[in-house]
Amino acid sequence: MDNNHFFFQHYGLSDRDLEHYLAAALSAGGDYADLYFEYLSSTSLGVDESMVKSASQGISAGCGIRVISGERTGYAYTDDLSSARILHAARTAALIAKGPAKTPSAGFQQKAARSLYPVTLPSVDAEITAKVELVMRADTAARAYDPRIKEVRASYADELRSILVVGSDGTFAEDSQPLARLNVSCIAKTEANSARGSSGGGGRVALDFFFGEKTPEYFAKEAARQSILQLDAREAPAGEMEVVLGPGWPGVLIHEAVGHGLEADFNRKQTSAFAGLIGKKVASEKCTVVDNGVMPWRRGSINVDDEGHATQETVLIEKGILKGYLSDKLSARLMGMADTGNGRRESYEHIPMPRMTNTYLLAGEDEPEDIIRSVKRGIYAVNFGGGQVDITNGKFVFSASEAYMIEDGHVTAPIRGATLIGNGPDALTRVSMVGNDLKLDEGVGTCGKDGQAVPVGVGMPTTKLDRLTVGGTAKRESGGFMQ
Amino acid sequence: MPETILETQTETDLKQLAQDIVQRAMRGGATAAECAIREGDEFSTLVRLGEVETLKESGSKSIGVRVFNGKRAASTHSSDFSPAGLDRMLSSALELAKITSEDPFAGIPEPSQLGSLSGDLDLYSSDVYSLPGEERISYARRAEKAALEADPRIKNSEGGSFDAATGHRILANSHGFVGEFRRSYCSVAAIPIAQDSNGGMQRDYWFSVARSLDRLESPEHVGKVAAQRTVRRLGARKVKTQQVPLIFDPLVANSILGHIFEGVNGDSVYRGASFLAGKLGQKIAAPQVTVIDDGTIVGGFGTSPFDGEGIPTRRTVVVENGVLKSYVLNIYTAKKLGLQTTGNASRGLAGTPGIGPGNYFLHPGARTPQQLIGDVKEGLYVTEFLGMGVNLVTGDYSRGASGIWISGGELTYPVEEITVAGNLKDMFLNISEIANDLEFRGSVASPTLRIDGLTVGGE
C-alpha cells in the first residue's frame, strides 16, 4: 500500500514538528529517541444463534515516545496528538536520562517501502453488508454440516493500522497494515455428549480473500468437522511416547519450544535456557528453523517493524545448529549483532521488544505416510489450541485440540484434547523425521509476551518426535497405551 | 506523577459528556443508549541488577457508546474526544445498528434495576502516586536487592518492579443512570533467577498488590519470598506417570476455582457450552465447597459500586456445601435464562457486556496448608501451571505443571515437565480438603486445596 503520509495529512505533522519532538525527548541526553505514531481503525461483527448480535467499530490513535540511555528506557505516550501533549510526553520519557541535551540528526531518510500486503481498502461502511454476509454464510454452512451441530458462533474482525516511526538517527518509516480474520466455533451435542470445534483464518488481506481463497464455508465445515469428531473421542494416553505432529498449526511447537527462547532480550540478559548456545547443536540435523517477516499477505508479516526497521527472513537453527537470535534495536546495539527487524509492540502504549513474525520449521524429505507408518504406538496431533513456555528452564507446553492414536503404523481413534510438555533446548533433538509438506497456519495466531499481544504465524511439515510427554488421563491398564 | 497529564476535562465534565452522548444518540434515533468513559494514569518501573531498565509514565482516555435501534444493537468507541471524533463515533454506531439482527433479548436494564452502592468503598487512594520518582524506583530496587541477597544461588534477575495506576470509570444510559467511580492500585514484585552447580536455571516471582501504598507489603519481604520460591525449584526432575493426591498452592488453586466461574457464566450456560449448564440445585462439588462472589467488599480488588450495566453489585452464593446455587449473570444472559441478573456485567468500551467476577472466593477450611501436606504419603504439591488445556464444554482438563514432590507428609524434591490431567466434573467433586489460608491477591482467591484422582503425566 502506498504510504501517503497519513499523519502529515490528518494531523498536520511536519518534519519540523518531528525534529522538535525528538529534540525534547533528548533534552536530558540519551543515546536514541523515537516516536511511534499509530492510528488504528477496527471493525468486528459476530453472529450467534443465527443472529448478528454484535457489530462494533473503533478508533484508537496515539503517539509513544521512547528515550534510550545505555540499557535504560524511558517511555511515555499520549492519545492526544496535539503538539503540547506530545511535547509533554517527550519530556516525561526524557526523565530516564541525566545529562546535557543531545541533538537528533538533521533530516530523515525514508527507506524504500516494501509492499507485502498491497490491499486497497474502500471505506469501511461500504463493505459492512459483505461482512455481514460472511458471518451469516459461516453460520449456515456449519449448521448444514450435521444435525448434531447445535451452537454456532462466527465472528469477523478487521483493522487497518497506520504507523509512522521516526528516530533521532534519521529513521523514518511509514506503513499501513491491514489485518483480517474470520473465526467459527461450533458445539455438537448428542444425548450423551457435547464437544466443541473451532476454526478460522485470515491475514493481511482484503475482504475478497474470504470470498475467493478461503470462504466462510471452508472454515465453518472445518469447525463442524472437529466438533463432530470430538463427540467420539476417547481418553488420551499419559506419559512419554512417540508423537507425530501434522503440518501447519502444530508449528506452535516451534514457536514455544525454540522461538521465544531465541528472542534476543532474554539472551542478552542470560535468562533464556538458550543463552550461550550459538554454534551449538540444539536440534537434530533434520531441523532448520526460520523466522520470516516478509511473506506476502501473512498475518505475522510486516513491511517494517515497529521501530522502523525493515523485516527479513532470519535463520535461527540450521541443520540443528543454533545460528542466531531475533533482535530489536536495543538488543542489537547492546549485543553487537545485526538488527533482524523483530522490534514489535502491541500499540503506541507499549515499549517495543524482540518478537517473532512467522516462525516455522522448513520442509524435509520424508513422505508424511512413511512418518505415520514408522510409529508403532503413539499419537498424531493435527490441531492445537495454544501454548506457553518458561524461557528460563525451557519447559514448554502446547495443547492438542484434535489428535488421534497411532497403532501399528495406522492412525486410529480420535482422542480427547491433551497438553504436550517438553524441554525447549532438547525437544528438537528428538526430531527423527521431517515431512516434505510444509504448511503455515491459517492466520489466526496471536502471541503474548509481557502483557503485549501481536499477530504471528507458525508452521511446520509433518514431523516426528521420538519422545514427548503427553498429558492424558488414560490409565495404562485400560487406556490402550502401554509402553 | 509530575503533573497530571489529563486535566483538560474535569470529573463533572466527563459525567456530563457521557450524558450528552446518550442524549445525542437518542436524538439521532436510538431507542436506548449507553455511554462508557474510561480514563487512567499508569506508572511503572523495572530495575534490573540494580539499574533502572524501564520507566514508563502516561495517561489515557477513551469513550464508547452502545445504541439500540429497537431490538438491534451496535457499539463504537474512540480515543478521539474532538467534536468531529465524537460525531463520527455516534453516527457509526447509529448506522451499524441498522445492520444487526433483531434479538428479542437485547436491551439495557429496566430503570428499577439500576443503581449504585452508597458509601465509601475504599477503592481509591491517591497515595499510590505520593512517592517521589526516586522513591518509587527505590521500591523496585529494594525488592530485587532482597531477592539477590537472599541466597547465593540467586545469580541473575529479570528485575524488581513497582507499578502504580489509577482508573476512573463513568457510565450513563438513557434511563437517566449516571455513575462513576475511581480505583487505584500499586504493586511491587521481584523475579529472581537461580542457578545450580550444573548451570540449570529456574525463575519464579512474588508480589504484593494493594489499593493504597500503606497496605503494600515491604519490598524486602517480597524479594525474600521470591527468592525462596525460585531456589526451591532448582534441580527439578520428572516423575513417573501415576495417579497421586495433589495439593494445589493458592495461586494455582485460584485458576481451578476460576473454572467454576467460567462454567456457571450465563453466557456459557444458555448456549449449553459448559458442563455445568443446567446443574442449578445439583451437587457439583464436594460438600465442603462453598463459593461466593461478592462485589461489595470494602477495599476489595473486585469491588465496584455498580456493574458494567449500571446494576448495583451484590453478594452471590454460587456454590453452597457443594450444591450449585446460582449462575453468574448480566442482563442479557439473565433474560435468556429467565432469571435475574447477579450484577456481574463486565464491559470494555465497545461490544456487548460480558460477565466478570467481583471478589470471587472459595470459603476457607480450618486446617493449615502444612497439615494438608502432612496427610499425604506420596503426592505432588503443585505450584505452577503452564498452558491452558481446559475444555469447558466437556470438562476435560490437561495442563503443564511443576511443583514439589511430597513423600511421607514432607516436601522433598522439585518436579517439572509433567502434566496434570483429569476432568473438572470429577475434580470439583474430589476436592477433599480446603486449607485456612484464604488471602486476596486479586479479585479471585482460593485457599490451598487437595484434589484426589488426577493423573500426573511424566516419564
Side-chain angles (χ1 to χ4, degrees), chain A residues 51-62 71-79 88-89 92 95-96 125 128-129 132 150-151 187 189 194-196 236 238-240 269-271 273 349 351 385-388 390 392-393 395 397-399 416-419 421-423 469-473, chain B residues 2 5 48 51-58 60-62 73-80 85 89 92 95-96 99-101 103 133 156 158 193 200-203 236 241 271-273 350-352 386-389 391 393-394 396 398-400 402 416-422 455 457-459:
Chain A
M51 291 181 273
V52 180
K53 283 194 192 174
S54 64
S56 183
Q57 286 177 344
I59 299 287
S60 162
E71 293 193 42
R72 299 155 71 104
T73 299
Y75 198 80
Y77 59 85
T78 172
D79 49 23
H88 179 92
T92 305
L95 293 172
I96 196 72
D125 303 328
I128 197 79
T129 49
V132 170
K150 301 294 184 198
E151 292 284 335
I187 298 177
K189 291 179 192 171
S194 295
R196 67 178 187 189
E240 286 185 349
K269 299 173 190 176
Q270 304 278 306
T271 59
E349 295 185 4
I351 300 173
Q388 195 182 345
D390 177 332
T392 301
N393 65 21
K395 304 300 173 281
V397 295
F398 57 134
S399 298
R416 288 167 171 256
T419 287
I421 189 163
N423 181 38
T469 297
V470 177
T473 48
Chain B
I5 295 178
R48 186 171 169 268
E51 300 291 332
V52 176
E53 188 167 286
T54 58
L55 253 185
K56 186 174 172 188
E57 181 158 357
S58 276
S60 61
K61 189 169 62 170
S62 41
S75 64
T76 53
H77 65 99
S78 178
S79 65
D80 181 357
M89 176 183 78
S92 304
E95 279 304 306
L96 275 181
I99 58 106
T100 49
S101 310
D103 180 349
N156 195 353
E158 285 200 358
I193 291 174
M201 291 193 293
Q202 293 290 346
R203 171 185 70 172
T241 301
R271 65 180 83 247
T352 348
L386 206 56
M388 279 307 304
N391 182 336
V393 173
T394 57
D396 287 340
S398 169
R399 301 188 71 183
S402 55
E416 67 183 6
E417 205 180 333
I418 53 156
T419 54
V420 166
T455 302
E459 286 168 350

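In what follows, chains are A, B, ... by sequence order, proteins preceding strands, each numbered from 1. These values consider heavy atoms only, across backbone and side chains, with no hydrogens, waters or symmetry-generated copies.
Both the backbone and the side chain of B/Leu386 come within contact range of chain A, judged by heavy atoms closer than 4.5 Å. A/Thr73 touches chain B through backbone and side chain together, each having a heavy atom under 4.5 Å away. Contact of A/Lys189 with chain B is made through the side chain alone, with heavy-atom distances under 4.5 Å. B/Arg271 touches chain A through backbone and side chain together, each having a heavy atom under 4.5 Å away. In this structure, chain A has heavy atoms under 4.5 Å from both the backbone and the side chain of B/Asp103.
Highest contact tally toward chain B, considering only A/Thr271, A/Val470, A/Ile187, is held by A/Thr271 [criterion: heavy-atom pairs under 4.5 Å]. When each of A/Lys150, A/Glu151, A/Glu71 is scored by its heavy-atom pairs under 4.5 Å with chain B, the top score falls to A/Glu151. For chain B, the option among A/Gly417, A/Ser399, A/Ala273, A/Ser56 with the highest count of heavy-atom pairs below 4.5 Å is A/Ser56. Among B/Thr419, B/Asn391, B/Asp80, B/Val420, the residue with the largest count of heavy-atom pairs under 4.5 Å with chain A is B/Asn391.
For the pair B/Thr241 and A/Ala238, the tightest heavy-atom approach, listed with the atom from each and the gap, is CG2-CB, 3.7 Å. The minimum heavy-atom distance linking A/Ile351 with B/Lys56 is given by the pair CD1-CD, 4.4 Å. When all heavy atoms are compared, the tightest approach of B/Thr100 to A/Ala55 is CG2-CB, 3.4 Å. B/Ala421 and A/Gly471 make their closest contact through CB-O, 3.4 Å (heavy atoms, listed as atom of the first residue, atom of the second, distance).
Side chain of A/Thr392 to backbone of B/Met201: no donor-acceptor contact under 3.5 angstrom is found. Looking only at distances, no side-chain donor or acceptor of B/Thr394 sits under 3.5 Å from a matching main-chain atom of A/Ala195. For A/Asn423 (side chain) and B/Glu417 (main-chain N/O), no donor-acceptor pair under 3.5 Å exists by modelled atom type. Between the A/Ser60 side chain and the B/Ser79 main chain, no donor and acceptor come within less than 3.5 Å of each other. Looking at A/Ser54, its side chain never comes within 3.5 Å of a backbone N or O of B/Thr352 through a donor-acceptor pair.
If you run side chain to side chain contact (heavy atoms under 4.5 Å, CB included) between A/Asp79 and each of B/Ser62, B/Ser58, B/Ser60, only B/Ser60 comes through.
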